[in-house]
Amino acid sequence: MRLKGKAHKFGDDINTDYIISGKYKFKTLDMSELARHVMEDLDPDFYKKIRPGDFIVAGRNFGCGSSREQAPLAIKHAGISAVIAGSFARIFYRNAINTGLPVIECDTSAIEPGDELEVDLEAGVLGNHTRNTEIRITPLPPVMLKILNDGGLVAHFRKYGGFHLD
Amino acid sequence: MGQTIIEKILSRKSGRKVQAGDIVVAKVDFVMGQDGTSPLAINAFREMGGRALFNPSRVALVIDHSAPSPTESVSNLHKLMRDFARETGCRLYDVGDGVCHQLMLESGVVGPGFLVIGADSHTCTYGALNAFATGVGSTDLAAAMISGQMWFKVPPTLKFVCHGELPPGVYSKDLILHLIGRVTADGATYMAVEFTGEAIRALSMEGRFTIANMAVEMGAKAGLMEADEKTMGWLARYTRREFAPAAPDPDAVYERVVEIDAAALEPQVARPHRVDNVVPLSEVGGLPVDEAVLGTCTNGRLEDLATAAAILRGRRVAPSVRFIVAPASRRVYLEALRDGTLETLVQAGAAVVTPGCGPCVGTHNGVPADGERVISTANRNFKGRMGNRNAEIYLASPASVAAAAVTGEITDPREFLK
Ligand code: SF4
């Protein structure tokens, strides 16, 4: 999987309430509606700034807080191709893979807002075209790669009728 | 090599001896979803081709986050859950029954050695009953509803040894806030934690639930405790089932051990907008508050309401404060009605709302105004958590919340216990 886009940068400990506020997530299952409110409490205009394929880049512990799957779904439906962060909170990490949103763990300190990035998931490298640098990314555990390659857990279950991870 | 609590439970549930780092597919004993997560799970269940639940008596859906419904769109999602429960035969807890976690504890479906998943991050609460209980998202919930299984990476364990006993006026909430402040919001990411030591053993089960509840606020997958006579005595009130507790081996391997002296602790608060922004309450004493909230899955049990009532008895809530009380469940509500706790709170000026999540998550029941400050017994103080990004939330114990409700400012509750 190769992904290309611009970096939108956020800090450490971005919680799921910031990604999509509780006051919206309970209201609807319409993900394109939720997508309009993504990151709204941190940047009210964020949704308008996204071009399809762009990346969210953050520091440590991205996605901490609640178990809401609306968080990765809202990000995905807003047109973001992957989240790149120093580390992820575990429920968000699982939910992202289950819903088919790639999550990439690496040192993000040298990525600046607006940098043009390209990610090669199989090769495990992130190229920063603006700065002409390459960053190694932590490979996904094989179980997660399998689910992601199947297109998420729903597709995995459709294919095998249950867990088939060996 | 010895095993931690979580390694033992995951070994039993996967049928082979495992250790941290292994990937397992394990059998789950119980599966729970709430109204913020179940509608998506129901969709995923259908998309996965699910027709029946793996076992309807081991699945429960709870309507608690926006209950009763504040809008028509929420009402429609609630209806979707009710229809699904009727169709599949799973248990449905409806408006007024209480917060999902309290209901799981009270219904006797969780016990020592069990593996439970819930589509809510505070599912870790049941770790106080020596169960491996963890939060997942909606798609995982759907997968478990169909298969009765879930995959896990066996996590390493961080152990807290809490020496001494908490002094009067200092509660389990103060202890867990202090521990989160100490290891930070991602100090236990991808790990399980075990809470042990004299201070934990001395706590009531209610007090232990508060601690396990907040394990996720340090990033943990589970917050586990050993089962003792108190655990078994508490369970006996709710179920006649037999359980097989999982005790850690003496030579279990821990990722890290953190020791603290609970006897030296004073009341704590988490300041906005992070749960790990913890300081002794004395550092922020005197800050005016506009709203005080008592309730939630962290601190909405009878013991919590009674602690607050002891401070509010014969006193009035300050005119500048709205004091909102949400009992954690219908059962708690009834018990507090019968023993006079609620009468004391209401007489003092409390507004009691439906058992459930109430104001905790910003859906309704007490959204603060711009620039307002809230003191709450909840577990999260993120910006916007209560529905207004321009408000501040301080987290504290039920006693500290009651003290602030009386004086209108953040106040050391020990002043009322003299
Ligand atoms: S009371 Fe608050 S933290 Fe607990 S389950 Fe409800 S919304 Fe979540």
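Because only heavy atoms are used, hydrogens play no part in the values below, and waters and symmetry mates are left out as well, while side chains stay in. Chain letters run A, B, ... following the sequence lines, proteins first and then strands; every chain starts at 1.
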Less than 4.5 Å to any heavy atom of chain B: does that hold for the side chain of [X], its backbone, both, or neither?
X: T99(A); value: side chain
X: V143(A); value: side chain
X: L165(A); value: side chain
X: F92(A); value: neither

Within a reach of under 6.0 Å around [atom1] of [X], are more than 12 heavy atoms found that belong to other residues, nucleotides or ligands?
X: K49(A); atom1: NZ; answer: yes
X: K146(A); atom1: NZ; answer: yes
X: R16(B); atom1: CZ; answer: yes

Flag the one option from [options] with the top tally of heavy-atom pairs under 4.5 Å to chain A.
options: S75(B), S138(B), A220(B); answer: S138(B)
options: H122(B), E217(B), M150(B); answer: M150(B)
options: K221(B), H364(B), R274(B), E72(B); answer: K221(B)
options: D140(B), T189(B), L141(B); answer: D140(B)
options: G135(B), S147(B), G118(B); answer: G135(B)

Passes side chain to side chain contact (heavy atoms under 4.5 Å, CB included), T37(B) versus S67(A)? Steps please.
CA-CA 8 Å; T37(B) 52; S67(A) 64; 3.9 Å; yes
Could R94(A) and F152(B) be counted as a cation-pi pair, given that NZ or CZ must be under 6.0 Å from the ring centre and within 45° of the axis?
yes
Nearest-0.5 Å distance that lies between atom [atom1] in [X] and atom [atom2] in [Y]:
X: F382(B); Y: D41(A); atom1: CZ; atom2: CG; value: 12.5 Å
X: M48(B); Y: R158(A); atom1: CE; atom2: CZ; value: 10.0 Å
X: C64(A); Y: D186(B); atom1: SG; atom2: CG; value: 8.0 Å

F157(A) vs E47(B) side-chain heavy atoms within contact, under 4.5 Å
no
Can you check whether I91(A) reaches S121(B) side chain to side chain, under 4.5 Å on heavy atoms?
yes
With only heavy atoms counted, which part of [X] is less than 4.5 Å from chain A, the side chain, the backbone, both or neither?
X: N43(B); result: side chain
X: H78(B); result: neither
X: R385(B); result: both
X: T134(B); result: side chain
X: M386(B); result: neither
X: I23(B); result: side chain

With chain B, the option among N15(A), D17(A), L73(A), N95(A) that has the most non-hydrogen atom pairs under 4.5 Å is N15(A)
Run the side chain to side chain contact (heavy atoms under 4.5 Å, CB included) test on I147(A) and W151(B) for me, step by step, so that the C-alpha distance in whole Å, both residues' side-chain angles and the decisive distance to 0.1 Å come before the verdict.
CA-CA 11 Å; I147(A) 294 172; W151(B) 74 268; 3.6 Å; yes
Looking only at non-hydrogen atoms, find the nearest pair between A185(B) and N61(A) and report the distance.
O-ND2, 3.5 Å
Hey, mind stepping through R380(B) and S66(A) against side chain to side chain contact (heavy atoms under 4.5 Å, CB included) and telling me if it holds?
CA-CA 10 Å; R380(B) 289 201 174 125; S66(A) 87; 3.6 Å; yes
For the residue pair Y93(A) and Y190(B), does the interplanar ring angle fall in the parallel (under 30°), tilted (30 to 60°) or perpendicular (over 60°) class?
perpendicular
Check whether any side-chain N or O of Y18(A) sits under 3.5 Å from a backbone N or O of K383(B) as a donor-acceptor pair, and report yes or no.
yes
Determine whether a donor-acceptor pair (N or O, by modelled atom type, separation under 3.5 Å) exists between the side chain of Q70(A) and the backbone of G36(B).
yes
Please test R90(A) against K153(B) for side chain to side chain contact (heavy atoms under 4.5 Å, CB included), starting from the C-alpha separation and ending with a verdict.
CA-CA 11 Å; R90(A) 60 161 286 275; K153(B) 185 163 180 188; over 6 Å; no
Under 3.5 Å, is there a donor-acceptor pair between the T139(B) and E69(A) side chains?
yes
